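Notes for the one structure printed next.
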2 protein chains.
Amino acid sequence: MRDPEQRFQELMAKLRARAYRLTPQRVALIRLLAYSEGHPDAAELYRRLLDQFPTTSLATVYKTLNLLKEMGEVLEIEINGIGGEGSRFDGNDPAPHPHLICVRCHRIMDGQVSLTEEILQTVQGQSGYRVISHRLDFYGICPECQVQGVN
Amino acid sequence: MRDPEQRFQELMAKLRARAYRLTPQRVALIRLLAYSEGHPDAAELYRRLLDQFPTTSLATVYKTLNLLKEMGEVLEIEINGIGGEGSRFDGNDPAPHPHLICVRCHRIMDGQVSLTEEILQTVQGQSGYRVISHRLDFYGICPECQVQGVN
DNA sequence: TCCTTATAGATAATCTTTTTCCAGAGAGAA
DNA sequence: TTCTCTCTGGAAAAAGATTATCTATAAGGA
Ligand SMILES: [Mn+2]
Ligand SMILES: [Mn+2]
Ligand SMILES: [Zn+2]
Ligand SMILES: [Zn+2]
């Protein structure tokens with residue numbers, strides 16, 4: 001995980017560079033994203049934002065999230081198939097990296113392996129696609145859920 | 001790609017084994033899935049089913065799709081982040097395998113590489129997760145869209 | 001301070017997927 | 001074949017996440 005404060009400053013700089021307005025709500029949300037470890041969803045970010053801005057709208061969260069997605073500064077993790085819920089987000093590290101998703105409690109942690117350049121070349125060669133990005137997710141049972149057994 | 005007819009028979013046998021009723025709509029949908037190459041979505045399957053059964057309901061498609069998902073006989077590919085559309089399905093090969101998703105025309109083709117056992121072991125060891133399944137998708141531009149250039 | 005315009009907030013709309021309800025059909029028994 | 005029991009299809013409504021719309025306001029520069 002990157003240093004959250006450093007990541008926060010980086011995001012602020014990038015927004016400034018594009019002349020986006022640094023509203024308090026936006027700054028707070030960006031801080032939440034930069035510091036977040038647990039891959040929160042939009043509703044979770046909204047909840048935390050409400051502590052600081054009781055009148056915030058969920059739409060505002062989505063708007064900022066989309067803004068950052070377009071800038072390539074937030075990674076969206078879709079887990080619709082898992083709990084019927086919405087996407088989760090990683091604003092600390094937007095580069096493609098593997099995730100471990102617990103199918104029981106929906107905890108998401110970062111994986112440390114990365115695809116080899118060899119695999120990427122193989123895939124591009126076989127398919128003819130020009131690969132821009134990728135996604136590697138593992139589904140399983142997290143350590144906590146394993147000790148609990150079936151509940 | 002597996003032999004479609006063989007796959008169709010396999011699915012029929014598995015439904016019979018679980019004593020699910022082989023209604024004409026269900027059989028037709030299963031045939032569509034077994035023979036499908038292009039990773040259709042629910043609406044596409046629905047459209048094709050309408051040719052044979054003009055009164056079919058989209059809900060029926062989803063019900064059968066969910067049935068097969070629970071049986072582990074259909075692979076769901078979520079691309080919500082791409083075009084705002086829904087999931088796509090592979091009923092010909094439900095085992096986890098990589099996909100190449102064109103971010104321009106949304107074509108999906110199968111990738112041929114597979115994750116090494118070494119990577120799987122590494123991920124499990126590092127995380128403590130018991131990995132059940134995985135997902136590996138590549139996003140890029142398909143050959144057709146490359147020659148067209150930017151449209 | 002003033003002006004311009006991007007953005008927040010409230011709300012409605014959208015879109016995919018699920019749920020509900022019930023008539024009708026599938027399949028086994030006789 | 002007929003009977004019976006249930007499962008399933010179809011129609012419609014509902015749900016749930018995300019997006020669009022509209023307007024007042026506030027950010028940032030002059
Ligand atoms: Mn992550
Ligand atoms: Mn496939
Ligand atoms: Zn868990
Ligand atoms: Zn394409």
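Chain letters run A, B, ... following the sequence lines, proteins first and then strands; every chain starts at 1. What you see is a predicted model, and the numbers here were worked out from it, not measured in a lab. Computed over heavy atoms, backbone and side chain alike; hydrogens, waters and symmetry mates excluded.
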- Message: Heavy atoms only, 4.0 Å cut-off, all strands: where does Pro24(B) land among base, sugar-phosphate and nothing?
- Response: sugar-phosphate
- Task: Using atom CZ of Arg16(B) as one end and atom P of dG28(C) as the other, report the distance to the nearest whole Å.
- Result: 10 Å
- Query: When the distance from CD of Gln52(B) to C1' of dG10(D) is rounded to whole Å, what number comes out?
  - Reply: 17 Å
- Do Glu76(B) and Ser87(B) get their side chains close enough for a donor-acceptor pair, meaning under 3.5 Å? yes
- For Leu75(A), what are the other residues in its hydrophobic cluster, where any two members join if their side-chain heavy atoms are less than 4.5 angstrom apart? none
- Query: Across the strands shown, which category fits Asn66(A) at heavy-atom distances under 4.0 angstrom: base, sugar-phosphate, nothing?
  - Reply: sugar-phosphate
- Task: Classify the side-chain pair Gln9(B)/Glu5(B) by whether it contains a donor and acceptor separated by less than 3.5 Å.
- Result: yes
- Aromatic ring pairing Phe8(A)/Tyr35(A), orientation class (parallel under 30°, perpendicular over 60°, tilted between): tilted
- Message: Tell me the interatomic distance from Leu58(A), atom CG, to dA10(C), atom C1', rounded to whole angstroms.
- Response: 12 Å
- Note on the structure: Rounded to whole Å, the CZ-C1' distance (Arg88(B) to dT16(C)) equals 15 Å
- Under 4.0 Å between any heavy atoms, over every strand shown, what does Phe53(B) touch: base, sugar-phosphate, or nothing? Just pick one. nothing
- Going by distance alone, is a donor N or O of one side chain under 3.5 Å from an acceptor N or O of the other, for His99(A) and Asp110(A)? yes
- Note on the structure: Side-chain atoms of Arg26(B) come closest, of dA8(C), dT8(D), dG10(D), to dT8(D)
- Query: Closer than 4.0 Å, any side-chain N/O of Ser87(B) to the OP1 or OP2 of dT17(C)?
  - Reply: yes
- Base dT5(C) to side chain Arg21(A), donor-acceptor N/O within 3.5 Å cut-off: yes
- Query: Between Ala59(B) and Thr23(B), who's closer to the 5' end of DNA chain D by nearest nucleotide?
  - Reply: Thr23(B)
- Query: Counting only side-chain N and O atoms of Gln25(A), is one of them less than 4.0 Å from OP1 or OP2 of dT7(C)?
  - Reply: no
- Rounded to whole Å, OH of Tyr20(A) lies from P of dA8(C) at a distance of 12 Å
- Note on the structure: Contacts of Tyr62(B) and Leu22(B) projected onto DNA chain C by closest heavy atom; the upstream (5') one is Tyr62(B)
- Between Ile30(A) (CD1) and dT7(C) (C1'), how many Å, whole number? 13 Å
- Message: Check this one for me: any side-chain N or O of Ser57(A) less than 4.0 Å away from OP1 or OP2 of dA10(C)?
- Response: no
- Roughly, in whole Å, what's the span from CG in Leu49(B) to P in dG9(D)? 10 Å
- Arg47(B) CZ - dT16(C) C1' separation (whole Å): 14 Å
